[in-house]
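Everything below concerns the one structure shown next.
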Amino acid sequence: FTTIFYYNTRIDILMESIDKFYCPLPFKHLFVAPNGIKPCCSFSGTYEGTIEEHLSSALLKSIQKSILNGIVPTGCKACYDGESTTNHSTRLIALDDYNNERYEQTDIDYIDLRSSNLCNLKCRTCNPLFSSRIQSELNKNHDALSEYYSYDASSTLIHTTNSNFEYIKNHLSNINRLNLTGGEPTFMPEVKDMLQVCFDQQFTGNILMTSNLNFTDDFWFDLTKRLGEQIHWTISIDAIGKNAEIIRSGSSWTLMDQNIHKLTQLSNSIEYNITISSLNAMHINELLLYINDIKNNYQHIPNGQTIRLSPCWEPDYLQVRNIPLELKNKIITELEQTLTSHMLHNDIANSINEIIAVLSQFNADVNLWDKCVTYNTILNGIRKEDFTID
């Protein structure tokens, strides 16, 4: 292995050559989070500086050079592993988004802005970097929870720097897609400020909103009507009913269900993003059937309703591959029975087949499964919840 050090971020070369490995994101995309900048959400390293510093850094140039030479940095390991196992990765999605075009110069036209970690929920698959409520919980229960989180902020609420906001505002004319997420963007005042700047500058690109849809502010419905085809919603959803309220602790399923129906009546484009983990695998069948019913009830949406399955890679103890064989077989049987329905949309059926393939492919790691059970038992005690994953 070759190891390259730049600033505070390490890049390890994963493999010397991968046939046809190329990703457009280091040339076209920025992931802007409170702890720094990186080429995409799946990249494991983070540049601890501003956008302008990152774009001129030796780090980014090294990533780009590796990609152009078919070398896979360790920062891209999540995509490499995903493609090797489930044929899912951020890279493959990006290649489709950019029509398999090959870029060799930096030309940022897509920014994923995580304004802060301010969030209204404590999702069990999340961490303090993206949830102020999880960081607050960690602060109060550090001895019990610290080993389960790879990120531990110095304060409960962390923000993206003002210089990064200014950079985005000053370069809106070059941006085709602006993704506003978090944390929970519908609770962030700075997101509304950014949207106002978009209106003032007559921004013509697409605005992507990623939300848990646990809001009561009609502003977001009015925004959807105002922007029309310019706005795309991604709904983060991992379960329905009581399971949804526990996996995404602090949420109200009644409110979310109500907002889903209301949003689908107004929106031109919706995607359901499902993080597949050991927490929801036992309940995934009912979630897919719920989405299937929504798609049947609201078939008017011009740009359609799509589903994106996102296998949980981090933390490793929540990966679906660690579910014991007996439970896996039970899940697979239920999913296979659902496949016999003639009322399924094709993408729902495809999603079911993908989940079956993942469940069938791997042997469970007993130690990681035990860690998963312990983690959820600890959270049950802290949150006064009663959640079992079997």
Side-chain angles (χ1 to χ4, degrees), residues 1-18 20-83 89-95 97-115 129-130 150-151 158-181 205 208 313-314:
F1 287 85
T2 302
T3 305
I4 306 171
F5 288 86
Y6 289 115
Y7 303 97
N8 297 320
T9 304
R10 189 179 80 172
I11 299 179
D12 296 326
I13 300 304
L14 175 64
M15 295 188 67
E16 289 302 320
S17 179
I18 294 291
K20 297 182 180 179
F21 188 94
Y22 174 80
C23 181
L25 294 181
F27 304 91
K28 304 294 288 183
H29 180 56
L30 288 176
F31 178 93
V32 183
N35 67 329
I37 317 296
K38 54 185 183 176
C40 73
C41 61
S42 296
F43 195 85
S44 59
T46 302
Y47 180 81
E48 298 175 1
T50 66
I51 292 176
E52 287 188 308
E53 291 168 343
H54 168 74
L55 291 176
S56 62
S57 69
L59 170 62
L60 179 60
K61 289 180 174 60
S62 176
I63 296 169
Q64 292 173 339
K65 182 178 179 180
S66 296
I67 292 294
L68 289 174
N69 290 328
I71 297 172
V72 188
T74 294
C76 300
K77 187 175 185 296
C79 284
Y80 176 77
D81 287 346
E83 293 169 31
S89 75
T90 302
R91 184 185 83 94
L92 292 178
I93 294 169
L95 286 171
D97 284 345
Y98 284 99
N99 298 314
N100 290 298
E101 291 286 336
R102 184 180 176 89
Y103 305 94
E104 297 187 1
Q105 302 296 326
T106 304
D107 180 21
I108 302 302
D109 66 3
Y110 179 13
I111 293 181
D112 185 339
L113 175 61
R114 318 279 173 129
S115 300
L129 178 60
F130 301 115
S150 59
Y151 186 85
I158 51 177
H159 292 272
T160 298
T161 63
N162 288 334
S163 62
N164 287 338
F165 279 106
E166 290 305 311
Y167 177 92
I168 295 171
K169 292 174 183 178
N170 293 334
H171 290 80
L172 274 177
S173 60
N174 300 321
I175 297 171
N176 295 326
R177 285 180 289 177
L178 178 61
N179 186 24
L180 301 173
T181 181
L208 317 178
W313 293 107
E314 294 291 339

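- A donor-acceptor pair is defined here as one N or O able to donate and one able to accept, closer than 3.5 Å; no such pair exists between the side chain of Thr90 and the backbone of Cys79.
- One finds the OH atom of Tyr110 at 13.0 Å from the NZ atom of Lys28 (value rounded to the nearest 0.5 Å).
- Here OG of Ser56 is found 6.0 Å from NZ of Lys61. Values are rounded to the nearest 0.5 Å.
- In terms of heavy atoms, Gly82 sits closest to Trp313 at CA-CZ2, 3.5 Å.
- For the atom pair CD1 (Ile63) and OG (Ser57), the distance works out to 7.0 Å, reported to the nearest 0.5 Å.
- Ile168 is not listed as a side-chain neighbour of Leu30, based on a closest heavy-atom distance of 4.5 Å or more.
- Nearest heavy atom pair, residue Leu113 against residue Phe165, reads CD2-CE2, 3.9 Å.
- Here the closest non-hydrogen pair linking Leu208 and Asn179 is O-OD1, 3.1 Å.
- For the pair Arg91 and Tyr80, the minimum side-chain heavy-atom distance is 4.5 Å or more.
- The cationic group of Lys38 lies under 6.0 Å from the six-membered ring centre of Phe31 and within 45° of the ring axis, placing it in a cation-pi geometry.
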Before giving the answer on side chain to side chain contact (heavy atoms under 4.5 Å, CB included), spell out for Ile51 and Ile108 the whole-Å C-alpha distance, their side-chain angles and the decisive distance to 0.1 Å. CA-CA 11 Å; Ile51 292 176; Ile108 302 302; over 6 Å; no
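- Taking the side chain as every heavy atom from C-beta outward, Ser66 and Val72 never approach each other to under 4.5 Å.
- Screening Asp109, Leu68, Leu60, Asp107 against Phe27 for a side chain to side chain contact (heavy atoms under 4.5 Å, CB included) leaves a single residue, Leu68.
- For the pair Asn35 and Ile158, the minimum side-chain heavy-atom distance is 4.5 Å or more.
- Around the NZ atom of Lys65, the shell of radius 6.0 Å holds no more than 12 heavy atoms that belong to other residues, nucleotides or ligands.
- Considering every non-hydrogen atom in both Ile175 and His171, the closest pair reads CG1-O, 3.4 Å.
- Proximity of Gln64 to Pro39: side-chain heavy atoms (C-beta onward) are nowhere separated by under 4.5 Å.
- Between Tyr22 and Ile67, the shortest heavy-atom contact is CD1-CG2, 3.7 Å.
- Here Leu59 contributes atom CG and His54 contributes atom NE2; the two are 6.5 Å apart, rounded to the nearest 0.5 Å.
- Using a 3.5 Å distance cut-off with no hydrogens or angles, the side chains of Ser163 and Glu52 do not pair a donor with an acceptor.
- The closest side-chain heavy-atom distance from Thr50 to Tyr167 is not below 4.5 Å.
- Ion pairing between Arg177 and Asp97 holds under the 4.0 Å rule for side-chain N and carboxylate O.
- The aromatic rings of Tyr103 and Tyr98 lie perpendicular to each other, with more than 60° between the two planes, well past the 30° mark.
- Atom CG of Asp112 is separated from atom SG of Cys40 by 9.5 Å, given to the nearest 0.5 angstrom.
- Atoms SG and CD1, from Cys76 and Ile71 in turn, are 11.5 Å apart once rounded to the nearest 0.5 Å.
- The minimum heavy-atom distance linking Thr74 with Ser44 is given by the pair O-OG, 3.7 Å.
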